[in-house]
Undergrad: 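Questions regarding the structure given below will be posed in turn.
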Amino acid sequence: MSFLSVDQDLARDSYYAATAVRELRFASLQGDQQADVAIVGGGLAGLSAAIELADRGRSVVLLEARQVAWGASGRNGGQALAGLACDQSEIERQLGEGPARDVWQMTLEALDLITQRCQRFGIDCDWQSGYLSLAVNERKAGELRRWHENMQRSYGYEATWISPKEMRRWIDSPRFHSGIHDARSGHLHPLKYSLGLARAAAQLGVQIFEDSPVVRLETGARPRLYTANGSVTADQVLLAGNVYLQGVARQVEPRIMPVGTYIVCSEPLDPALCASLIPSRSAVCDTNFVLDYFRPTADHRMLYGGRVSYSTSTPPNLVASMRKRMATTFPQLADCRIDYSWGGFVDISLNRAPDFGRLPKNGAQSAPSDGLYSVKSHHSNVYYLQGFSGHGLALTGLAGKLVAEAMTGDAARFDVFARLKHRPFPGGAWLRTPALVLGMAYYRVRDAL
Ligand SMILES: Cc1cc2nc3c(=O)[nH]c(=O)nc-3n(C[C@H](O)[C@H](O)[C@H](O)COP(=O)(O)OP(=O)(O)OC[C@H]3O[C@@H](n4cnc5c(N)ncnc54)[C@H](O)[C@@H]3O)c2cc1C
């Protein structure tokens, strides 16, 4: 079964879909349209870019294959976090210390952007500040502590170290050794947030078309996007389709790979019990490579994510195995009912750094001979945003802003990211999944140590 049909199944039973109202529906594209900018993808990246471009006076058409926020943006863990999925050392290694600091600052700006947009557009999405990054044993605690000290020293990262003695005041779980609390990061209801952005974009004049999969991109002086029943010709195009592009941009798609991740949501808990589990109401991640991520919801449920599928098939007995994970963390929840379970695919890049850029001008379909792409070969009017690697809830907002800056004449900040080099997954389109499964087996073993 293709991951697209697996993804359809995974989308069905989400807590978010059950607790957000889709007030707006958009027609599908019929006929030919013109715009300054055409965007593929109605997730947070595409919507953010659309808003920023409309703010800058550009006419924008956004094409969404299904419904806005149908993809990862409407069903993720809701954790809006500082930083990137990769460690800052990867950015330092590639760009140097100064630009790496700029990147870190931009990830903080991404958090502020969420607050600003909620205020500006009146979006109520259950924002709750606070994030705990927790180590499950002494060895991992040592790694986390060294990381925290380095981030404080080099980046002025403000977070509080939680010693083993203090741990139970932060989380009523036997699983964790020590950790850090970051008051600036937080969590929200991602579907309410995304739908709020879609409403804002429409109010700003962005033309949104749903049920309009783009099947072909024609590059050139005025690129053109084709759907089954129409087309959009624009001065510039943004591809923000996550793992779903399916051949629209074969030059860059092999550099990301869909990895499944899964979430369950409990029945509403006694509010006092819920408050006792994580008194600060923070979002939580453990520091394992295959991590558990969880948080209380505004209506006192435990929303618990974890497991991964590198083969894109859904793990068997998903609900039972997720319940077991949740009960290992919180034995108090061993008997609670699971009301929702769902999942989705994240777009991981090989080095877990975000992959932003422009397609090669000549429309070349093949990779450079060394497999590495650099900003120099990316000079066309077709931009792309991908490779958020499971860390895109906040970063997509900033990415949309950077693309809008670049498209309207100031590419300085976009190009900091675009200078990051990325390799395609080894083995090409068909072999990249098995290669990754093998690679990940190594990290699973390390997680167990
Ligand atoms: C289960 C899960 C949990 C996650 N948890 C977190 C978390 O807690 N914190 C965090 O920071 N990140 C998390 N993420 C990652 C985060 O959700 C993503 O990084 C982010 O939402 C990506 O946004 P996007 O706009 O790039 O992609 P999407 O939201 O997937 O949007 C892409 C859209 O493009 C459309 N599209 C694709 N191709 C075409 C086409 N050819 N024509 C028209 N439309 C097209 C798709 O239908 C889709 O709606 C999680 C992801 C998942 C799946």
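Counting starts at 1 for both ligands and their atoms, in listed order. Just so we're clear, the structure is a prediction, and the values are computed from it rather than from any experiment. Sequence positions, counted from 1, serve as the residue numbers for this chain.
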Undergrad: Can you check whether G392 has an N/O within less than 3.5 Å of an N/O in ligand 1?
TA: yes
Undergrad: Taking 4.0 angstrom as the limit and counting only heavy atoms of G71, give me the atoms of ligand 1 inside it, by number and element.
TA: 29 (O), 30 (O), 49 (O)
Undergrad: Side-chain polar contacts of residues 30-47 - donor-acceptor pairs under 3.5 angstrom, sequence neighbours left out - could you list them?
TA:
from : atom 1 : to   : atom 2 : distance (Å)
Q30  : NE2    : S28  : OG     : 3.0
D32  : OD1    : S231 : N      : 3.4
D32  : OD1    : S231 : OG     : 2.7
Q34  : OE1    : R222 : NH1    : 2.7
D36  : OD2    : S59  : N      : 2.9
D36  : OD2    : S59  : OG     : 3.3

Undergrad: Under 6.0 Å from the CD atom of Q152, do we count more than 12 heavy atoms belonging to anything else shown?
TA: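 Count over threshold, so yes.
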Undergrad: Between P213 and ligand 1, is there a nitrogen or oxygen pair with a distance under 3.5 Å?
TA: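 No, no N or O pair falls under 3.5 Å.
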Undergrad: Please say whether A80 places an N or O atom under 3.5 Å from an N or O atom belonging to ligand 1.
TA: no
Undergrad: So which heavy atom in the protein is nearest atom 36 (N) of ligand 1, and how far is it from that ligand atom?
TA: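 Going by distance alone, atom 36 (N) of ligand 1 is nearest to G241 CA, 4.0 Å.
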Undergrad: Which ligand 1 atoms does A45 reach within 4.0 Å, using its non-hydrogen atoms?
TA: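 That gives atoms 25 (O), 26 (O) of ligand 1.
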Undergrad: Examine F388 against ligand 1 and note whether any of their N/O atoms are separated by less than 3.5 Å.
TA: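 Among all N and O atoms of F388, none is under 3.5 Å from an N or O of ligand 1.
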Undergrad: Suppose I only count heavy atoms of L63 and a 4.0 Å limit; which atoms of ligand 1 are within that range?
TA: 43 (C), 44 (N)
Undergrad: Would you say P190 touches ligand 1, if touching means a heavy atom closer than 4.0 Å?
TA: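 The answer is no, since P190 has no heavy atom less than 4.0 Å from ligand 1.
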Undergrad: Apply ring pair (Phe, Tyr, Trp, His ring centres under 6.0 Å) to the pair F330 and Y304, showing each step before the final yes or no.
TA: CA-CA 11 Å; F330 295 120; Y304 203 98; 7.0 Å; no
Undergrad: Could an N or O of ligand 1 be found under 3.5 Å from any N or O of L393, whether backbone or side chain?
TA: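 By distance alone, the answer is yes.
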Undergrad: Please identify which atoms of ligand 1 are closer than 4.0 Å to at least one heavy atom of S212.
TA: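 Counting from 1, the qualifying ligand atoms are 43 (C).
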Undergrad: Suppose I only count heavy atoms of G78 and a 4.0 Å limit; which atoms of ligand 1 are within that range?
TA: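 The atoms of ligand 1 under 4.0 Å from a heavy atom of G78 are 8 (O).
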Undergrad: How close does the nearest protein non-hydrogen atom get to atom 32 (C) of ligand 1, and which residue and atom is it?
TA: A240 O, 3.5 Å
Undergrad: What do you reckon, does G343 have a nitrogen or oxygen under 3.5 Å from a nitrogen or oxygen of ligand 1?
TA: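 No, G343 has no N/O under 3.5 Å of an N/O on ligand 1.
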Undergrad: Relative to the ring of F356, is the ring of F414 parallel (under 30°), tilted (30 to 60°) or perpendicular (over 60°)?
TA: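 Geometry flag for F356 against F414: parallel rings.
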Undergrad: Would you say L81 touches ligand 1, if touching means a heavy atom closer than 4.0 Å?
TA: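 Distance cut 4.0 Å: L81 fails for ligand 1.
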Undergrad: I need the contact type for R75 against ligand 1. Using non-hydrogen atoms and a strict under-4.0 Å cut-off, is it side chain, backbone, both or neither?
TA: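 For R75, only backbone atoms sit under 4.0 Å from ligand 1.
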Undergrad: Is Q79 in polar range of ligand 1, meaning some N or O pair under 3.5 Å apart?
TA: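 Looking only at distances, the answer is yes, because the N/O contact criterion of under 3.5 Å is met.
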Undergrad: Against heavy atoms of Y293, which atoms of ligand 1 measure under 4.0 Å?
TA: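 So the answer, numbered in order with elements, is 1 (C), 3 (C).
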Undergrad: Atoms of ligand 1 less than 4.0 Å from G77 heavy atoms?
TA: 3 (C), 4 (C), 5 (N), 6 (C), 7 (C), 8 (O)
Undergrad: Under a 4.0 Å N-O cut-off, is there an ion pair linking R58 with D235?
TA: no
Undergrad: Taking the six-membered ring of Y340 as reference, does the cationic atom of R301 (NZ for Lys, CZ for Arg) lie under 6.0 Å from its centre and within 45° of its axis?
TA: no
Undergrad: What protein heavy atom is closest to atom 17 (O) of ligand 1, reported as residue, atom name and distance in Å?
TA: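 The closest heavy atom on the protein side is N76 ND2, 3.0 Å.
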Undergrad: Suppose we measure from atom 44 (N) of ligand 1 to each protein heavy atom; which comes out shortest, and what is that distance?
TA: A65 N, 2.9 Å
Undergrad: Does the distance from a Lys or Arg side-chain N to an Asp or Glu carboxylate O, for R75 and D7, drop under 4.0 Å?
TA: yes
Undergrad: Does an N or O anywhere in V214 fall below 3.5 Å from an N or O of ligand 1?
TA: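 Among all N and O atoms of V214, at least one is under 3.5 Å from an N or O of ligand 1.
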Undergrad: For residues P354 and L395, determine if any side-chain heavy atom of one lies less than 4.5 Å from a side-chain heavy atom of the other.
TA: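 Yes - at least one pair of side-chain heavy atoms lies under 4.5 Å apart.
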Undergrad: Minimum distance, heavy atoms only, to atom 53 (C) of ligand 1: which one of A85, G344, G387 is it?
TA: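 Looking at heavy atoms only, the winner is G344.
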Undergrad: Relative to the heavy atoms of H391, which atoms of ligand 1 are at a distance of less than 4.0 Å?
TA: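 Listed by number with element, the hits are 10 (C), 11 (O), 12 (N).
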Undergrad: May I ask you to test the T219-S380 pair for a side-chain heavy-atom distance under 4.5 Å?
TA: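 No, every pair of side-chain atoms sits at 4.5 Å or beyond.
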Undergrad: I want to confirm something. Looking only at heavy atoms, which of T396, V346, D347 is nearest to atom 22 (C) of ligand 1?
TA: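 Going through T396, V346, D347 one by one, T396 has the nearest heavy atom to atom 22 (C) of ligand 1.
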Undergrad: For a ring pair (Phe, Tyr, Trp, His ring centres under 6.0 Å) check, start with the C-alpha distance between Y193 and W127, then their side-chain angles and the critical distance, and finish with the verdict.
TA: CA-CA 9 Å; Y193 180 59; W127 172 262; 8.9 Å; no
Undergrad: How close does the nearest protein non-hydrogen atom get to atom 24 (P) of ligand 1, and which residue and atom is it?
TA: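 Going by distance alone, atom 24 (P) of ligand 1 is nearest to S73 OG, 3.9 Å.
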Undergrad: Would you mind listing every ring pair (Phe, Tyr, Trp, His ring centres under 6.0 Å) that reaches into residues 16-55, with sequence neighbours excluded?
TA: Y16-H189, Y16-W342
Undergrad: Roughly how far, to the nearest 0.5 Å, is the OG atom of S173 from the CG atom of D286?
TA: 10.0 Å
Undergrad: For ligand 1, which is the ligand I care about here, please tell me if E64 has any N or O atom under 3.5 Å from one of the ligand's N or O atoms.
TA: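 Yes: some nitrogen or oxygen of E64 is under 3.5 Å from one in ligand 1.
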